[in-house]
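Take a look at the structure below.
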Amino acid sequence: MVIFAVRIMAENLIKAAVDAGKEERYQVMLPQIKALVEGETDLIANISNVMAVLKETMNFFWVGVYFVKAEELVLGPFQGPLACTRIGYGKGVCGKAWQEGRVIVVPDVEQFPGHIACSSLSKSEIVLPVIINDRVRMILDVDSDQLNDFDALDAKYLSEVTAIISDVYKATMI
Ligand code: SME
């Protein structure tokens with residue numbers, strides 16, 4: 001019953017959000033994401049739902065996570081076209097965000113040295129590290145098929161999403 005209610009709430013919020021501006025969509029979406037992960041401790045289930053809500057609410061071309069596993073990033077839950085499964089440390093935008101532990105906004109992927117093109121349609125990108133206990137454990141990657149599609153607003157609100165994912169990760173570790 002609770003799951004049903006959350007699903008109806010999420011569907012209504014998504015419908016309301018798609019017509020709104022970018023900031024309003026983020027503001028509507030964040031409490032919804034928090035509610036979705038509450039009470040569920042399975043990491044993959046939670047991240048899968050978070051990626052689905054991001055895709056549907058923000059209409060991203062591609063959104064997904066990579067997990068830090070040994071010396072590589074390995075693909076996790078995502079929404080969008082198929083993607084590269086493994087990315088080395090320091091490689092591409094994702095590997096660079098892992099190495100440097102910071103958010104990277106790429107207005108034009110063709111201008112980013114070493115960019116890894118999983119899809120030829122991807123034109124701009126934002127990558128955020130998910131930091132848990134001072135270490136990058138995951139990467140959140142969002143791609144657009146439009147040039148210059150991400151800015152400080154996306155960095156601000158997507159950082160709130162990575163903070164939620166970080167909390168979910170910690171809850172799973174306990
Ligand atoms: N473009 C990324 C690779 C991941 S895909 O875009 C999903 C990069 O350069 O790291």
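Both ligands and their constituent atoms are indexed starting at 1 by order of listing.
Residue, atom and distance of the protein heavy atom nearest to atom 6 (O) of ligand 1 are Asp143 OD2, 2.7 Å. At the top of the distance list for atom 8 (C) of ligand 1, counting protein heavy atoms only, stands Val93 N, 3.3 Å. The closest protein non-hydrogen atom to atom 2 (C) of ligand 1 is Glu125 OE2, 3.1 Å.
Interface atoms of ligand 1 facing Gly92, defined by a heavy-atom separation under 4.0 Å, are 9 (O), 10 (O). Near His115, with a cut-off below 4.0 Å to any heavy atom, the atoms of ligand 1 are 1 (N), 9 (O). Atoms of ligand 1 found under 4.0 Å from any heavy atom of Tyr66, numbered from 1 in the order shown, are 4 (C), 7 (C). Ligand-side atoms of ligand 1 in range of Trp62: 7 (C), range being under 4.0 angstrom from any heavy atom.
At a 4.0 Å heavy-atom cut-off, ligand 1 touches Ile116 through backbone and side chain alike. Counting heavy atoms closer than 4.0 Å to ligand 1, residue Cys118 contributes side-chain atoms (C-beta onward) but none from N, CA, C or O. Contacts of Phe112 with ligand 1, taken as heavy-atom pairs under 4.0 Å, are absent altogether. At a heavy-atom distance under 4.0 Å, only side-chain atoms of Asp141, from C-beta outward, approach ligand 1. Heavy atoms of Ile87 found under 4.0 angstrom from ligand 1 belong exclusively to the side chain.
Side-chain N or O atoms of Trp98 include none that pairs as donor or acceptor with a backbone N or O of Leu73 at under 3.5 Å. Looking only at distances, no side-chain donor or acceptor of Ser122 sits under 3.5 Å from a matching main-chain atom of Asp143. In this structure, Asn46 contributes its side chain and Leu43 its backbone to no donor-acceptor pair below 3.5 Å.
In summary, the side chains of Glu160 and Tyr26 do not present any donor paired with an acceptor at a separation below 3.5 Å, with no hydrogens or angles considered. The closest side-chain donor-acceptor pair between Glu72 and Tyr66, if any, does not fall under 3.5 angstrom.
For NZ of Lys91, the number of neighbouring non-hydrogen atoms (other residues, nucleotides, ligands) closer than 6.0 Å is 12 at most.
Polar contact check, Ala117 against ligand 1: no nitrogen or oxygen pair lies under 3.5 Å apart.
Ser144 and Phe61 make their closest contact through CA-CB, 3.9 Å (heavy atoms, listed as atom of the first residue, atom of the second, distance).
A salt bridge links Lys22 and Asp151; the closest N-O separation between the charged side-chain nitrogens and carboxylate oxygens is under 4.0 Å.
Under the 30°/60° scheme for interplanar angles, the aromatic rings of Phe150 and Phe60 are found to be tilted.
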